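Computed from a predicted model, the values in this text were never measured in an experiment. Below, each value reflects all heavy atoms present in this structure, side chains not excepted, and no hydrogens, waters or symmetry copies.
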Amino acid sequence: MPKLVSHRYVTRICLGLLTLFLSPACPAVEYEVGPGKACAEIEDVPWEALRAGDTVTIHWRENPYPAKFVLCARGTRDQPIQVRGVPNSQGLLPVIDGRNAVTRKELNYWNEVRGVIKIGGANRPSDTTPAYITMENLDIRSARPPYEFTGRDGRTPYSGNAAAIFIEKGEFITIRGCVLRESGNGLFIAAETKDAVVEGCYIHDNGIEGSYYQHNTYTAAAGLIYQFNRFGSLRPGCGGNNLKDRSAGLVVRYNWIEDGNRQLDLVDAEDSEHLRSDPRYRSTYVYGNVLIEHEGEGNSQIVHYGGDSGKTEWYRKGTLYFYHNTVVSTREGNTTWFRLSTNDEQAECWNNIVYVTTDGGRLALMTESGTLNLGRNWIKSGWVATHDALAGRIT
């Protein structure tokens, strides 16, 4: 007769097999970059081989790292892929400079001209939708003409709409504690992205001279939070906005946003049906921010909400919830708090401070269109409803 095997022994076998199958095929790896580290340069990192749980640690050095790369891999909630800088003793971040940058030859990806760092979209590594990627504590700069880099097509100039960080697609992407500057756009997020967070960053001195089409940030995503960031002026002679967005599910909270053609330009998802059909497209939240407009900063409107494509059926046609913000204008001429694109746009404005340094009569609450509902705001006395012909409604 066959020998009986005890229940306890079978349980131990099953638990052992379960542990074997659930264990990761490869343990997470940390790649260290910098003086005296295993990788002297950023292009020494095997970006094409990153897996869930891997970390790339870039240490500060006196000279910038002239490098560019793509991240096209999937982390998990518990094992994100992290690219993080290590500041020096004075708090200076390691610099990744797009000028004369070199792409690692093992990488092959399209749209190299669009950014110093790209997330999503590659031939090598194999294309996928990146997920659970965190990038933090890096100073990334110089993605714009006339700067050039060396990539798969040899010596190549950046495009005018290049960005310090270009997210072509991805999900659960976090950009934290970075400086994004000296580029066409500081940050560009395309519409195939969802659930992104931009926090604790300093974004300034971006744009293209004589152009209104490049901005400190230009974003479109299904679920996007900006929080705890500092936005500074664009580069001299650049006419772009500070924060321009076409997202569904946008939250802008606890940021310092200073200057730009407009501080906030929240318009329609002109190239994305899936964003326009997202229920969150109709609700936008802006709260706890400081918005500052100085003399000579272009458009006199602080916030634009609705659309700019001219196809009004695509416009947001929802509600902008605007509360607990401080708005300051030092313009010598007129300042307009809101432009709502059509009468189908509405703003709910509560517990804000709105102050102009000139006479209160220079401050208008809105342009012509939309519904503006106000309550418990402190507004410079003498304000007017509009500097135009009011076709909307103020309550």
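In this structure a side-chain-to-backbone donor-acceptor pair under 3.5 Å is present from E112 to R152. Although no hydrogens or angles enter the test, the distance criterion places a donor-acceptor pair under 3.5 Å between the side chain of N325 and the main chain of N289. Between the side chain of S369 and the main chain of T342, no donor-acceptor pair closer than 3.5 Å is present. No donor-acceptor distance shorter than 3.5 angstrom exists from the side chain of R77 to the backbone of P80, with no hydrogens or angles considered. Side chain of N255 to backbone of Y226: a donor-acceptor contact under 3.5 angstrom is found. Checked by atom type and distance alone, the side chain of S159 pairs as donor or acceptor with a backbone atom of V113 at under 3.5 Å. Of the possible polar contacts, none joining the Y213 side chain to the N161 backbone as a donor-acceptor pair under 3.5 Å is found. At least one donor-acceptor pair closer than 3.5 Å links the side chain of D44 to the backbone N or O of E41. In this structure, T174 contributes its side chain and T134 its backbone to no donor-acceptor pair below 3.5 Å. Formation of a donor-acceptor pair under 3.5 Å by the S183 side chain with backbone atoms of R181 is found in this model.
Ion pairing between a basic and an acidic side chain is recognised when a charged N comes within 4.0 Å of a carboxylate O; R339 and D308 show no such pairing. Between E136 and R176 there is a salt bridge, with a side-chain nitrogen of the basic residue lying less than 4.0 Å from a carboxylate oxygen of the acidic one. Of the charged side-chain nitrogens involved, none lies within less than 4.0 Å of a carboxylate oxygen, so that E293 and R262 do not count as a salt-bridged pair. Salt-bridge annotation for R246 and D265: absent, with no side-chain N of the basic residue lying under 4.0 Å from a carboxylate O of the acidic one. Checked for salt-bridge contact, R124 and E106 miss the test: no charged N lies under 4.0 Å from a carboxylate O. Salt bridge K169/D127: present, at least one basic N to carboxylate O contact under 4.0 Å. Using a 4.0 Å cut-off between charged side-chain N and carboxylate O, D278 and K194 make no salt bridge. Electrostatic pairing of K118 and E168 counts as a salt bridge here, judged by a charged N lying under 4.0 Å from a carboxylate O. Between E43 and K105 there is no salt bridge, since none of the side-chain N atoms of the basic residue sits less than 4.0 Å from a carboxylate O of the acidic one.
Of the residues R144, R141, R99, the one that meets the salt bridge (charged side-chain N to carboxylate O under 4.0 Å, His left out) test with E182 is R144. A ring-ring contact (aromatic ring centres under 6.0 Å, His included) with Y285 is found for exactly one of F322, Y321, Y323, namely Y321.
Rounding to the nearest 0.5 Å gives a distance of 9.5 Å between OG1 of T312 and CG of D268. Taking CZ from R114 and CD1 from I117, the interatomic distance works out to 15.5 Å, rounded to the nearest 0.5 Å. The distance from atom CD1 of I167 to atom CD1 of I189, rounded to the nearest 0.5 Å, is 4.0 Å. The CD atom of Q263 sits 9.5 Å away from the CG atom of N299 when rounded to the nearest 0.5 Å. N185 contributes atom CG, which lies 11.0 Å from atom CG of L180 (distance to the nearest 0.5 angstrom). Of the inter-residue distances, the one linking I302 atom CD1 with I257 atom CD1 reads 11.0 Å to the nearest 0.5 angstrom.
Contact of the F338 side chain with the L365 side chain is not registered, since no non-hydrogen atoms from C-beta on lie closer than 4.5 Å. Residues Y65 and I58 meet the side-chain proximity criterion, which asks for heavy atoms closer than 4.5 Å. The shortest side-chain heavy-atom distance between L320 and V286 falls under the 4.5 Å cut-off. Counting only heavy atoms from C-beta outward, the side chains of V95 and W60 never approach each other to under 4.5 Å. Side-chain contact between Y31 and L50 is present, with at least one heavy-atom pair separated by less than 4.5 Å. Looking only at side-chain heavy atoms (C-beta outward), L93 and V179 come within less than 4.5 Å of each other.
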Can Y254 and Y287 be said to form a ring pair (Phe, Tyr, Trp, His ring centres under 6.0 Å), step by step? CA-CA 7 Å; Y254 312 127; Y287 57 90; 5.5 Å; yes
Passes salt bridge (Lys or Arg N to Asp or Glu O under 4.0 Å), R155 versus E148? Steps please. CA-CA 7 Å; R155 191 75 173 173; E148 297 181 338; 3.0 Å; yes
Using salt bridge (Lys or Arg N to Asp or Glu O under 4.0 Å), reason through R235 and E209 one step at a time and then give a plain yes or no. CA-CA 8 Å; R235 297 175 55 244; E209 293 91 338; 2.6 Å; yes
In sequence, state the C-alpha distance, the side-chain angles, and the governing distance for I165 and F188, and then conclude on side chain to side chain contact (heavy atoms under 4.5 Å, CB included). CA-CA 6 Å; I165 297 177; F188 190 99; over 6 Å; no
With side chain to side chain donor-acceptor pair (under 3.5 Å) as the test, would you mind laying out the steps for R316 and T284 before giving the verdict? CA-CA 9 Å; R316 295 202 183 208; T284 301; 3.0 Å; yes
For D388 and T367: C-alpha separation, side-chain torsions, deciding distance, then whether side chain to side chain donor-acceptor pair (under 3.5 Å) applies. CA-CA 6 Å; D388 303 288; T367 53; 5.2 Å; no
R331 vs H294, side chain to side chain contact (heavy atoms under 4.5 Å, CB included): CA-CA, chis, key distance, verdict: CA-CA 6 Å; R331 297 180 69 94; H294 290 303; over 6 Å; no
Verdict with supporting geometry, N242 and N216, side chain to side chain donor-acceptor pair (under 3.5 Å): CA-CA 5 Å; N242 215 322; N216 265 338; 2.8 Å; yes
Please test R362 against N334 for side chain to side chain donor-acceptor pair (under 3.5 Å), starting from the C-alpha separation and ending with a verdict. CA-CA 5 Å; R362 291 287 191 173; N334 292 339; 3.2 Å; yes
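Close placement of the F149 and Y158 rings is indicated, their centers lying within 6.0 Å of each other. Ring centroid separation for the pair Y109 and F69 does not come in under the 6.0 Å cut-off.
Side chains of T57 and E30: a donor on one and an acceptor on the other come within 3.5 Å. Side-chain atoms of S247 and D245 form a donor-acceptor pair, as typed in the model, at a separation below 3.5 Å. In the model, T336 has no side-chain atom that pairs as donor or acceptor with a side-chain atom of H387 under 3.5 Å.
Under the 6.0 Å distance and 45° angle rule, R276 counts as a cation-pi partner of W314.
Tracing side-chain contacts under 4.5 Å through hydrophobic residues (I, L, V, M, F, W, Y), one never reaches I96 starting from F166; they form parts of separate clusters. Hydrophobic cluster membership differs between L275 and V198, with clusters built from Ile, Leu, Val, Met, Phe, Trp and Tyr side chains linked at under 4.5 angstrom. Under the 4.5 Å side-chain heavy-atom criterion for grouping Ile, Leu, Val, Met, Phe, Trp and Tyr, V116 is connected to L107 within one hydrophobic cluster.
Within a 6.0 Å sphere centred on CH2 of W350, heavy atoms belonging to other residues, nucleotides or ligands number more than 12. Remark: R61 CZ is packed, more than 12 non-hydrogen atoms of other residues, nucleotides or ligands lying under 6.0 Å away. The 12-atom threshold is exceeded at CD of E313, counting heavy atoms of other residues, nucleotides or ligands nearer than 6.0 Å.
Between H215 and Y218, the angle of the ring planes goes over 60°, which puts this pair in the perpendicular group of the 30/60° scheme.
Considering all non-hydrogen atoms of both residues, E295 and T330 come closest at N-OG1, 3.6 Å.
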